[in-house]
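Chain A is the first sequence line, chain B the second, and so forth, proteins listed ahead of strands; every chain is numbered from 1. As the structure is a prediction and not an experimental result, all values here were calculated from the model.
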Amino acid sequence: MSEEKKSLNFIEQIIETDLKEGFDKSKLKFRFPPEPNGYLHIGHASSICLNFGLGLRYNAPVNLRFDDTNPIKEESAYVNAIKKDVEWLGFEWAEECYASDYFQQLYEWAVEMIKNGQAYVDSQDSEKIAEQKGTPTEPGQPSPHRERSVEDNLELFEAMKNGLTEPRAHVLRAKIDMSSPNMLMRDPVMYRTLHQAHHRTENDWCIYPMYDWAHGESDFIENISHSFCTLEFQPHRELYNWFIKCVSQEGELEPKQREFARRNLSHTIVSKRKLLQLVESKVVDSWDDPRMPTISGLRRRGYTPASIKNFANDIGIGKRENMIDVSRLEFSVRDDLNKTAPRVMTVLDPLKVVITNYPEGEEEMLVAENNPEDENSGTRELPFSREIYIEKEDFREEANRKFFRLKLGKEVRLKNAYFIKAEKAIKDDDGNIIEVHCTYDPETKSGSGTEASKRKVKGTLHWVSVKHAKPAEVRLYDRLFTVDDPTADKEKDFLDFVNPESLKVITAQVEPSLTSAKELDKFQFQRIGYFCVDQDSTSDHLVFNRTVTLRDSWKGK
RNA sequence: UGGCCUAUGGUGUAACUGGCAACACAUCUGGUUUUGGUCCAGAAGAGUCUAGGUUCGAGCCCUAGUAGGCCAACCA
């Protein structure tokens, strides 16, 4: 690995500074802390690449920790999906942890805090508590229960824990400062009472810790040195530190929370809540629908781990609002697939071509390069015969000289085959071209090295032999939304901007070698784009997903 | 009537902590090419939100504005 002098992002600079100031490098430890209430999306990829990237850079452990403190929204199905995605991206976590593993410790600490007068049970409903909280510009009012005795608090908290009180009748609150300019410091709720089974602890608990009370403590328990989260948690930092001070002893490692900006991607949304809405409203088929910006959706769409990691590293991390153009992501897959995807010939919109001077009934095998970008990719054989399909848009009766394709009286090269000249367009009663008659020049066979085969022609077309072609379902995916930022217009619902043409299903004719393609195999359909075998594909019914089109600099039609 | 964060080409990040703004994507030219792909060469595009200040010198420091974001779930 050549150590390129790449400038450090601000997170890396924080770590470098800590190291310089004497922080023990062997104590560096990070974590990626998803909540198992939905699938990971491209925004999480940035966080994953940041945390695991740091782990690799400093040879430090990185825990995968599920922030599972809200049993109402969380499920083990999400846990499994998340693990699969992180693994697929190619990262290895040091330990698989759960905030729920710490429920007992958290409870014991809470009891201590009650004894220390740092927490109390409030017996008001959430509306009342919110009311007393004040506003950002006005101080809050103390709860009437704020000065409850330690004995009463202990007794009530115990009752809450044992499910002897009504759900939501009481909460445990930290006693901090009802007039703090930081709303989060106005006696935040530490525990709510929920008589709800948890996906891991089942019915062991009737009280569940809130994020603020669980997250920093989890970091502390795991000896996480640096805890990175997104910008909206900035105001939580003060509380994060306050809680850790409550439970830590002198000299113990106190994790450091720092915040970075979440990545926004144009023409899509990166919000688990909205993604869930797309799934539930059936706009898409599932969390892994290839139009979804989820890791699983991108995987099914044909994205590679490398393309996603390169993308994340290229866009870097910062602290400002951002909107990254999808073209950046698209560049990343093309860049990767160009080097690795075998080239094949497929015709998406077939037009039959009859080569009138090619002997009837005859066929031959031609040699085709698998990938000109990869010397080791080898060659394969392609059947050629008298009747072939080409793309409808590759033929015109007449066209200007900017049209590098087939037109009457002119010659083009058939990729890996011969030169053909269009002689006659056959039309139906409505004047639609249904067939083209051509002649070929036997001297122009590809790879023959003849003078004739070196002739300059207007262009090169892909094709597939009619007799040998296999039909395949091809799903043409496009951007999910028609605008950059579907959430920008506060008057409208983001669903109003769903692209009605985000999926078009067609039947294409593909070269026979594709019948052996397996799920997730990726190909470049020459002159068209990159495609990937969908999970729905079978040997009887091939299904390909379009990952992305080829870059197209032709400004004609 | 508050607190915190942010402000660099169309987009995203840089600028060795003060030395006349770089890289990538996107855009446009030209060349190569059995993919109008790739690759190669090149162009255009910001003078760093504004106004002051410190300094020989400021995108980097200070002050005051302006703009945007976040904070009043028993969500995370």
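Listed candidates were A73(B), C71(B), A26(B). Nearest to the side chain of F331(A) is A26(B).
Nucleotides C62(B) and U54(B) place their P atoms 15 Å apart, quoted to the nearest Å. Atom name C1', nucleotides G2(B) and C16(B): the rounded distance is 40 Å, in whole Å. Nucleotides A51(B) and A67(B) have their C1' atoms positioned 15 Å apart, rounded to a whole Å. Taking atom P on both nucleotides, U66(B) is separated from A76(B) by 37 Å, rounded to a whole Å. Taking the C1' atom of each, G12(B) and G45(B) are spaced 16 Å apart, rounded to whole Å. The P atoms of C60(B) and U55(B) are separated by 16 Å, rounded to the nearest whole Å. Taking the P atom of each, U11(B) and U50(B) are spaced 16 Å apart, rounded to whole Å. The P atoms of U48(B) and A21(B) are separated by 11 Å, rounded to the nearest whole Å.
In this entry the distance linking CE of M190(A) with C1' of A76(B) reads 17 Å, nearest Å. L8(A) has its CG atom 16 Å from the P atom of U13(B), to the nearest Å. Note: NZ (K272(A)) to C1' (A76(B)) measures 8 Å, nearest angstrom. Distance, M160(A) CE to C74(B) C1': 9 Å, rounded to whole Å. Between N9(A) atom CG and A14(B) atom P there is a gap of 7 Å when expressed in whole angstrom units. The distance from atom CH2 of W213(A) to atom P of A76(B) is 14 Å, rounded to the nearest whole Å. Following rounding to the nearest Å, Y78(A) (OH) and A76(B) (P) show an atom-to-atom distance of 16 Å. Following rounding to the nearest Å, Q257(A) (CD) and A76(B) (P) show an atom-to-atom distance of 15 Å.
The residue among F10(A) and R168(A) whose nearest nucleotide of RNA chain B lies closer to the 5′ end is F10(A). In terms of position along RNA chain B, the nucleotide closest to L184(A) lies nearer the 5' end than the nucleotide closest to the other residue of the pair L184(A) and A169(A).
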Could I get a table of every N or O pair under 3.5 Å where one atom is in the protein and the other is in nucleotides 6-12 of chain B?
| unit_1 | atom_1 | unit_2 | atom_2 | d |
| --- | --- | --- | --- | --- |
| U8(B) | OP2 | R320(A) | NH1 | 2.4 |
| U8(B) | O4 | R320(A) | NH2 | 2.7 |
| U11(B) | O3' | M323(A) | O | 3.2 |
| U11(B) | O2' | M323(A) | O | 3.1 |
| G12(B) | OP1 | M323(A) | N | 3.1 |
| G12(B) | O3' | R263(A) | NH2 | 3.0 |
| G12(B) | O2' | I315(A) | O | 2.8 |

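A donor-acceptor distance shorter than 3.5 angstrom exists from the side chain of K490(A) to the backbone of T487(A), with no hydrogens or angles considered. With R31(A) contributing its side chain and F228(A) its backbone, the two residues share a donor-acceptor pair below 3.5 Å.
Under 3.5 Å, the side chains of Q526(A) and Q524(A) contain no donor-acceptor pair of N or O atoms.
Within 4.0 Å (heavy atoms only), E127(A) reaches no atom of the nucleic acid at all. Note on D125(A): a base of the nucleic acid sits closer than 4.0 angstrom, heavy atoms only. Using a 4.0 Å heavy-atom criterion, one finds that S327(A) contacts the sugar-phosphate atoms exclusively. Contacts of T69(A) with the nucleic acid, taken as non-hydrogen atoms under 4.0 Å apart, involve only primed sugar atoms and P, OP1 or OP2. In this structure, V171(A) reaches the bases: a heavy-atom distance under 4.0 Å links it to at least one base atom across the strands shown.
Aromatic ring centres of Y303(A) and F311(A): separated by at least 6.0 Å. For F531(A) and F523(A), the distance between ring centers is not under 6.0 angstrom. For an aromatic pair to be called close, the ring centres must be under 6.0 Å apart, and Y240(A) with H236(A) fails this.
Within the 4.5 Å cutoff, the side chain of L172(A) has no heavy atoms near those of the K161(A) side chain. Side-chain contact between D219(A) and R65(A) is present, with heavy atoms from C-beta onward closer than 4.5 Å. Contact check for M185(A) versus L239(A): side-chain heavy atoms found under the 4.5 Å cut-off. Residues Y418(A) and I355(A) are not in side-chain contact: their nearest non-hydrogen atoms beyond the backbone lie 4.5 Å or more apart.
Test I221(A), N63(A), D67(A) against C97(A) for side chain to side chain contact (heavy atoms under 4.5 Å, CB included) and you get one pass: N63(A). A ring-ring contact (aromatic ring centres under 6.0 Å, His included) with Y191(A) is found for one member of W205(A), F157(A), Y208(A) and no other, namely F157(A).
Non-hydrogen atoms lying under 4.0 Å from RNA chain B are contributed by E232(A), F233(A), Q234(A), H236(A), all within residues 227-243 of chain A.
For the OP1/OP2 pair of G69(B) and a distance below 4.0 Å, the side-chain nitrogens and oxygens of R262(A) include no atom meeting the criterion. At the phosphate of G3(B), neither OP1 nor OP2 sits under 4.0 Å from any side-chain N or O atom of T137(A).
Using Watson-Crick or G-U wobble geometry with both donor-acceptor distances under 3.5 Å, A22(B) finds its partner in U13(B). Across all strands shown, G53(B) is found opposite C61(B) as a Watson-Crick or G-U wobble partner, with both distances under 3.5 Å. Nucleotide A7(B): paired with U66(B) (Watson-Crick or G-U wobble, both distances less than 3.5 Å). When both pairing distances are held under 3.5 Å, U29(B) makes a Watson-Crick or G-U pair with A41(B).
Using cut-offs of 30° and 60° for the angle between ring planes, the W554(A) and F403(A) rings count as tilted. Relative orientation of the F103(A) and H198(A) rings is perpendicular, given thresholds of 30° and 60° on the angle between their planes.
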Spell out protein contact along nucleotides 31-47 of chain B as letters: B when the base is contacted, S when just the sugar-phosphate is, - when no protein heavy atom is under 4.0 Å; keep the 5' to 3' order. --SBBBBB---------
